[in-house]
Amino acid sequence: MSQIDETEAHPTVMENSTDEYRFQSFDPDTQMLLKTALKDPSSVDLEKVSNIIVDQSLKDQVFSKEAGRICYTIVQAEAKQSDGNVFRRNLLNRLQREFKDREDTRARSIHEWVCYVTFICNIFDYLKVNNMPMVALVHPVYDCMMRLAQPDALKNEEEVDCLVLQLHRIGEQLEKANSQRMDQLFFLLRDGFLLQEGLTSMTRLLLLEILEFRAGGWMLSSTANKYYYSEISD
Amino acid sequence: MSTRTPDRRTDATSSRREHTRSGPSRWSHCRKRGVDGSMRTDEHERTEGRHSSFTTPESSGPVSRCAASSDWGSQVEDNEMRRDLHRDLQRYRRRILAADGPHRERKASSGSSGSCDSKEEDSLETDEGVLLRRQKQISYGKNTLAYDRYIREVPKHLRQPGIHPKTPNKFRKYSRRSWDQQIKLWRVKLHAWDPPTDNGTQEDNEEQLDLGDIMDIELDFPTLAEPGPQAARSGVMEDPEGTGTPVKVQRMDAAAASDVV
């Protein structure tokens, strides 16, 4: 039985001590722009910045995990500097446009679709309003999760992986925001695990783990932890 | 009645809304509750016979009536504003109760026009929709260069009533027209602090004022729509600045009243 990569599956702790963001994937001018946006948001074109960040997040899954933190910093900086909301508004509306086209995106590229889901969940996690998740994103995030739980998606390990990873990170918050939809989601996951033919063993492992994870109140018992995450000697 | 909506700096689109309840969105047809948790009535039926879009002075073309509420940016902002409002309301309540406490005495006559704190709780506006709308109007006014310059130039303790504009108190009960009038007057007064243009004259950057509105202010007085404690007509005029206790105004006949605004 293959081992699940621990760093991926466990909820990440917010690293805010360093200001090192992964900007290497951008050209120097863009890097400069982003760094300026973090420090002095009103001096840059925030709509452009939000588009750059979204575009990159849709291509680069590693960046899309990082992007939430960057966006949070810019939002805070703009609010503090000029009491403005331009960046957040542009970001959210762009996210909304991508959401509308998600089925087309998925048809075009599973990778891009997965990047989008990772990104929107990341935003949901980081961009809080008064320490509460943004209510406007709750249903869209659930819609994405439900899509990933459909039979055609469960056939792709890439999509299943994304689904369980996001549930590890934000499942508890999502459930608190709307438990009914979480129940519905898990009906699908249970059915998929039990009934769907042709799922790889990895997929079934991931599904079983997430089922146990939620059943345990969004954490694994120590024995389950040992089962899924310890090295199994042959 | 004017269809003009408050000017908005960052966004050209505006919509005309009476309530804060979220309008139809992508997912609303299958949801019993709106985004803010309140039960949705069948708004689709209600909205059928009405125009679905207006061209407002601020927009470049017809704007959907519900555009503002169905985009995520606005939803999040509205939500945030709602929370801030509730917090402000609690704070305001505490403040007036504190001022009230040691000297609580019901005055026999209700004709006093001085600040009368024991009356504040009675005339407290708590309707969320109203408060939200008022807060937006205030925010538009405060989000101007004129306001920035004003608050920097005149510290609060040096403000003189009548000369210096004072933000209308959104927590007091006023009729819709009365409130809108106060906001207009407030914003007109704020224009005195507009930044001068290069050629030395002051220019209104924010909003083209309809002079008709200013002329109207002189002639007619707003009436109160809701039944308050029916006081005797004392002939005290509505204080558009909101510096005194609101309320007793002369009843106008309908024809004259309808000319205002």
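In what follows, every heavy atom counts, from backbone to side chain, and hydrogens, waters and symmetry copies are set aside. In the text below, chain A, chain B and the rest are named by the order of the sequence lines, each starting its count at 1. Fair warning: this is a prediction, and the values are worked out from it, not measured in the lab.
Within a 6.0 Å radius of CD in A/Glu47, no more than 12 heavy atoms belonging to other residues, nucleotides or ligands are found. By the 6.0 Å contact criterion, NZ on A/Lys128 is enclosed, its count of non-hydrogen atoms from other residues, nucleotides or ligands being greater than 12. With a 6.0 Å radius and a threshold of 12 heavy atoms from other residues, nucleotides or ligands, A/Met219 has its CE atom at or below the threshold. For B/Arg87, the CZ atom sits in a packed shell: over 12 heavy atoms of surrounding residues, nucleotides or ligands are nearer than 6.0 Å. Summarising the local packing, CD of A/Gln180 is surrounded by 12 or fewer heavy atoms from other residues, nucleotides or ligands at distances under 6.0 Å.
Between A/Asn85 and B/Glu80, the closest side-chain pair of non-hydrogen atoms falls below 4.5 Å. At least one side-chain heavy atom of A/Arg88 sits less than 4.5 Å from a side-chain heavy atom of B/Glu77. Counting only heavy atoms from C-beta outward, the side chains of A/Arg89 and B/Asp71 approach each other to under 4.5 Å.
Here the closest non-hydrogen pair linking B/Val76 and A/Ala136 is CG2-CB, 3.9 Å. Residue A/Asn93 comes nearest to B/Trp72 through the heavy atom pair OD1-N, 3.5 Å, listed as atom of the first residue, atom of the second, then distance.
Among the candidates A/Leu127, A/Asp83, A/Asn130, the residue making the largest number of heavy-atom pairs closer than 4.5 Å to chain B is A/Asn130. The residue among A/Asn90, A/Leu95, A/Leu92, A/Leu137 with the most heavy atom pairs within less than 4.5 Å of chain B is A/Leu92.
In this structure, the side chain of A/Gln96 engages the main chain of B/Ser70 through a donor-acceptor pair within 3.5 Å.
At a 4.5 Å heavy-atom cutoff, A/Leu91 makes no contact with chain B through either its backbone or its side chain.
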